[in-house]
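Accompanying notes for the structure given below.
These figures come from a predicted structure and were not determined experimentally.
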Amino acid sequence: MNKNIIKLFGVALVAATSFQTVAAQSYDNYNKRELLLQVLDQSRPNDYVPVFFNVHFPDKFGYKAVKAHIDWFRTTHVDFVNVKYEYVPQQVEINSAADFKKIKEVTPQEWVEQIEVVRQLARELKNEAFIIPTVYSPLALLSQAAGTWTASDPQAAKQKLFDLVKKNPEAVKPALEALTKSLIYYIREARKAGADGFYISSQGGDIDSFGGKLFRDLIKPYDKQLADAANEVAPFNILHVCEGGGHFSAESFNDYVDYPGSVINVPYHEFKGKSLTTQQVAKLFNRPVLGGLARQGKLYTGTLEEAKAEVDEILKNAPANFILGADDSIPNDSDPERVRALVDYVHSWRQTHSK
């Protein structure tokens with residue numbers, strides 16, 4: 001990206017968002033960065049309950065993408081900035097095992113615009129909150145590169161791809177390796193651009209796709225490298241176990257216990273058999289937990305009072321070190337004003353509901 005364009009982009013962003021700074025809730029009496037770090041101190045419970053809800057913005061790059069992230073952060077009062085990306089330059093047709101050879105590393109130049117979004121968000125918001133980009137798994141990037149996300153029938157396209165992967169696991173390894181290297185490059189460059197940590201989205205462990213031995217032998221060796229890379233360079237990372245349209249069992253999470261990560265986020269509401277509670281997950285992983293709500297729960301389908309009642313039950317039974325959120329991103333058309341009302345309610349919950 002041309003340096004003059006970057007300079008003008010930044011000036012325009014400041015002008016366009018300055019009015020929101022005035023209108024936003026005052027945070028003079030606390031710092032979100034410090035309060036989020038307090039969650040990691042497991043010697044005592046966090047009295048302030050941080051909140052994280054994220055959506056998928058339609059704009060991926062440039063001014064509109066940055067402004068969308070800032071607007072969401074300012075309007076909803078969530079406690080950190082999650083930077084989304086959903087773009088892989090290469091698009092290849094995968095019809096046989098031989099086609100996996102077409103998948104190559106993403107070149108450094110192809111990451112420039114995405115990293116620039118991180119840089120601009122860090123410049124605007126880093127003093128207020130952590131900047132936490134999402135990092136999809138190598139398996140998810142493979143699915144993107146094969147065009148399943150934009151197919152006329154994404155589920156059928158994904159199933160076709162996954163059938164090929166399961167039938168020819170050795171053939172797909174070079175592709176997963178190339179994509180893993182690409183994502184590690186992105187992690188390191190995004191950190192240099194101002195990211196404080198990463199939302200590592202681990203995919204592939206659900207029973208319906210790659211559960212058990214296949215996950216451990218084929219997916220995990222590449223998947224875990226991203227969590228390791230983030231842990232090496234950044235102080236605050238979230239391990240997100242993504243259900244990806246499948247289902248887990250309580251035993252599935254044993255495969256993730258050795259992944260690094262400051263906080264764990266798992267799909268409590270996508271289970272075959274008995275699920276785990278937030279306290280059980282905290283004990284299993286020995287770290288703070290993010291979550292509690294279903295992504296299309298009462299916050300989306302019910303009234304604000306129903307959503308508050310749901311939150312009451314979650315927080316009554318939550319572990320001592322806890323961040324309220326959902327299993328995954330909430331629907332894109334979620335009402336940000338309703339989200340803000342719930343977020344404000346949660347922030348003071350442990351003070352207003354103390355025994």
CD/E93: more than 12 non-hydrogen atoms of other groups inside 6.0 Å: no
Note: E124-R74 ion pair, threshold 4.0 Å (strictly below): no
Salt-bridge present (K308, D312; N to O < 4.0 Å): no
Polar side-chain atom of N317 near backbone of I314 as donor-acceptor pair, under 3.5 Å: no
Neighbour count above 12 (heavy atom, 6.0 Å) for K166 NZ: yes
Shortest non-hydrogen contact from I115 toward E189: CD1-CB, 3.3 Å
Ring centers of F236, F198 separated by less than 6.0 Å: no
No-hydrogen, no-angle side-chain donor-acceptor test under 3.5 Å, T134 and S201: no
N54 side chain to N82 backbone, donor-acceptor under 3.5 Å: no
Where D328 and H240 come nearest, the two heavy atoms and their spacing: OD2-NE2, 3.4 Å
Ring centers of Y259, F285 separated by less than 6.0 Å: no
Short side-chain to backbone donor-acceptor contact, E128 and L125, under 3.5 Å: no
Output field: ring centroids Y136/W149 closer than 6.0 Å: yes
Least distance between heavy atoms, S202 atom then S137 atom: CA-CB, 4.5 Å
More than 12 heavy atoms from other groups under 6.0 Å of NZ on K298: no
Separation of I187 CD1 from Q225 CD (nearest 0.5 Å): 10.0 Å
Geometric cation-pi criterion K32 and F80, 6.0 Å radius, 45° cone: no
From L293 atom CG to Q296 atom CD, the distance as rounded to the nearest 0.5 Å: 12.5 Å
N321 side chain vs V289 backbone, donor-acceptor pair below 3.5 Å: no
Note: D217-K173 ion pair, threshold 4.0 Å (strictly below): no
More than 12 heavy atoms from other groups under 6.0 Å of NZ on K102: yes
Audit row: E110, T107, side-chain hydrogen bond (donor to acceptor under 3.5 Å, both in side chains) steps and yes/no: CA-CA 5 Å; E110 289 167 325; T107 67; 3.0 Å; yes
Atom of G297, atom of E310 and distance for their closest heavy-atom approach: C-OE1, 4.4 Å
Pairing of K67 and D59 as salt bridge, 4.0 angstrom limit: no
Heavy-atom pair of closest approach, residues L121 and H69: CD2-CB, 3.7 Å
Polar side-chain atom of N231 near backbone of A227 as donor-acceptor pair, under 3.5 Å: no
Atom pair CG/NZ of L239 and K224 - distance to nearest 0.5 Å: 10.5 Å
Short side-chain to backbone donor-acceptor contact, S182 and V106, under 3.5 Å: yes
Heavy-atom donor-acceptor pair, R295 side chain to S329 backbone, under 3.5 Å: yes
D79 (side chain) donor-acceptor with V51 (main chain) under 3.5 angstrom: yes
Parallel, tilted or perpendicular: rings of Y48 and H347 (30°, 60°): parallel
Donor-acceptor contact present, side-chain E105 to main-chain T180, <3.5 Å: no
Residues, nucleotides or ligands: over 12 heavy atoms within 6.0 Å of N332 CG: yes
N/O donor-acceptor pair under 3.5 Å between T75 side chain and W72 backbone: no
Any side-chain donor near an acceptor of the partner, E116 and Q120, under 3.5 Å: yes
Heavy-atom side-chain contact between L40 and L37 under 4.5 Å: yes
Over all atoms of both residues, closest heavy-atom pair of V39 and P288: O-CG, 3.3 Å
Presence of salt bridge, K220 and D255, under 4.0 angstrom: no
Transitive ILVMFWY cluster of Y300, excluding itself - 4.5 Å side-chain cut-off: none
